[in-house]
Amino acid sequence: MTKSMDTIVSLCKRRGFIFPSSEIYGGLKGFWDYGPLGVELKRNVREAWWQDMITNHNERKVLEGAADAFSMVGLETSIVMHPQVWKAVGHYDLFHDLMIDCRECKARFRADHVPTSQCPRKPSKPPGEHKECQLTEPREFNLMFKTIIGALSGEEGTAFLRPETAQGMFVNFKNVVDSSRVKIPFGIAQIGKSFRNEITPRNFTFRSREFEQMEMEFFCHPDQSRQWYEYWRNRRFQWYINLGITSDNLILRDHDPNELSHYSVGTADVEYAFPFLPEGEYGELEGIAHRGDFDLRSHMEGKLVRDGDDLVVEQDEHGQPTHRGSGKDLSYFNDQTRERFVPHVIEPAAGADRATLAFLCEAYCEDEQPDDKGKPQTRVLMRLHPQLAPVKAAVFPLIKKEGMPELAADLYGELKAAGITSVYDQQGAIGRRYRRQDEIGTPFCITIDGETTSDGTVTIRDRDSLQQDRIPLSETVTEIARRLRG
Ligand code: ATP
């Protein structure tokens, strides 16, 4: 089945997953609102990530010679940070330029440095190494949203909405080390909003101007950083598969050396075959980057630039640093080996909105099922992983009398008390009620019927297999909880 993005977008609107922001005023390009179902789905995506990275993360002996277990802790930092943060890591300087990207070699050029439609790198490459170039339209880079703090106007009051959550972890590295008992290697994770003034927001929520990131900085000894990079690269890829993305639609793409940032020894992207892309093309869900000591060193020393194989503090024509760091010592001291070093960092940076969109696209499917009168009908269903489904169970009284609504309402109350997000629906023919739930991905529907009142059993219907099992009403909540655990 070929999935159409238009169909998915209209389902999202119709059933309350995602709406255009400020729609009654005509919407605002690049901004989106999550409706009653969307907010539950996205919460589940975030929760699945947080559980995997922090709450349930308990792995031992990952690397030869590494500590038995390693700590993973969370953080929530402010959206507006000291402007110097962005200057030290180089985001600020790139703010005003219009840039053109070469889609082939991923090099980025100032628009005014590209006089023709050909990638400036092309002539310097031996034939065969550089395929035909494809240049993007000029885009403003870096896209940080400006704001004014307090009553100050002009430069002094200017601050920025963060374009990534990562810097919150770097600037708090010392605070976390000093206030908790973490020892290297360890990770600090955060989920939060980021803002980029994208020139061409497009493809539904894929490229928005306000979006949410799920990022983790893993601090380790430089000698072990390559191994940790491999570990996180593979683990993060698997996370999407475990939550129901089929491996045919997901790739883990290692960047070519010429695509790597100047500080990185390796970067891989998890990419998904979104329906809005041409066949064979994939869109980024997450980047897993080896960032070396670039960020911590920048916050210590100032803006770093490449000089041959080294990173050095950028200087102006008077030999002064163009942008100073904090001047604080952000190195780490290992009290067992008595070694002091600046940790290397592995960063898996995922987008909560892109992941949510990928799960929605992956889940969408249609099949043929007989309706109440036995006539074949197209059934739209969302095969969302039960952990992600916004509603876990729906309770239906078969008819609105003979004590069925009361029993159904009691069961609905028990499911909610057990923390299982559920709905109660007594409107319309039972087949139509099933369809309504299939379309939003509810994995289980429970029907209270004549037999319930006589022998105390209910039916549980499975969304995907359509199998219906009769089980005692008194065991329903436990059974649903068991099925949700998988
Ligand atoms: P792209 O190349 O698509 O612009 P990026 O490489 O700039 O993405 P990162 O800076 O690595 O993205 O950000 C990490 C993650 O944040 C991305 O993989 C993506 O999931 C999410 N993300 C980044 N920009 C946006 C955006 N404009 N809208 C929605 N999600 C985004």
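Hydrogens, waters and symmetry mates play no part in the numbers below; they use all other heavy atoms, side chains included. Given the structure is predicted, the values throughout are model-derived calculations rather than measurements. Along the sequence shown, the residues carry numbers beginning at 1. Note that ligands are numbered from 1 as they come in the structure, with each ligand's atoms numbered from 1 the same way.
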Qualifying side-chain hydrogen bond (donor to acceptor under 3.5 Å, both in side chains) pairs with a residue from residues 172-187, counting only residues at least two apart or across chains: N172-N175
Scan residues 18-31 for pairs that pass side-chain hydrogen bond (donor to acceptor under 3.5 Å, both in side chains), counting only residues two or more places apart or in two chains. K13-E23
If we only count heavy atoms from C-beta on, is the F444 to L484 side-chain gap below 4.5 Å? yes
Indicate yes or no: at least one non-hydrogen side-chain atom of W239 is less than 4.5 angstrom from one of L243.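 Yes - at least one pair of side-chain heavy atoms lies under 4.5 Å apart.
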Can you pull the residues with any heavy atom under 4.0 Å from ligand 1?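 Heavy-atom contacts below 4.0 Å: R196, E198, T205, F206, R207, S208, F211, Q213, E284, L285, E286, A349, A350, G351, R354.
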I would like to know whether Y332 and H221 meet ring pair (Phe, Tyr, Trp, His ring centres under 6.0 Å); could you show each step before the answer? CA-CA 9 Å; Y332 175 85; H221 191 281; 9.4 Å; no
Sorted by first residue and then second, give each ring pair (Phe, Tyr, Trp, His ring centres under 6.0 Å) pair with at least one member in residues 193-216; sequence neighbours left out.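 Of all non-adjacent pairs touching residues 193-216, those that pass ring pair (Phe, Tyr, Trp, His ring centres under 6.0 Å) are W32-F204, F206-F274, F206-F276.
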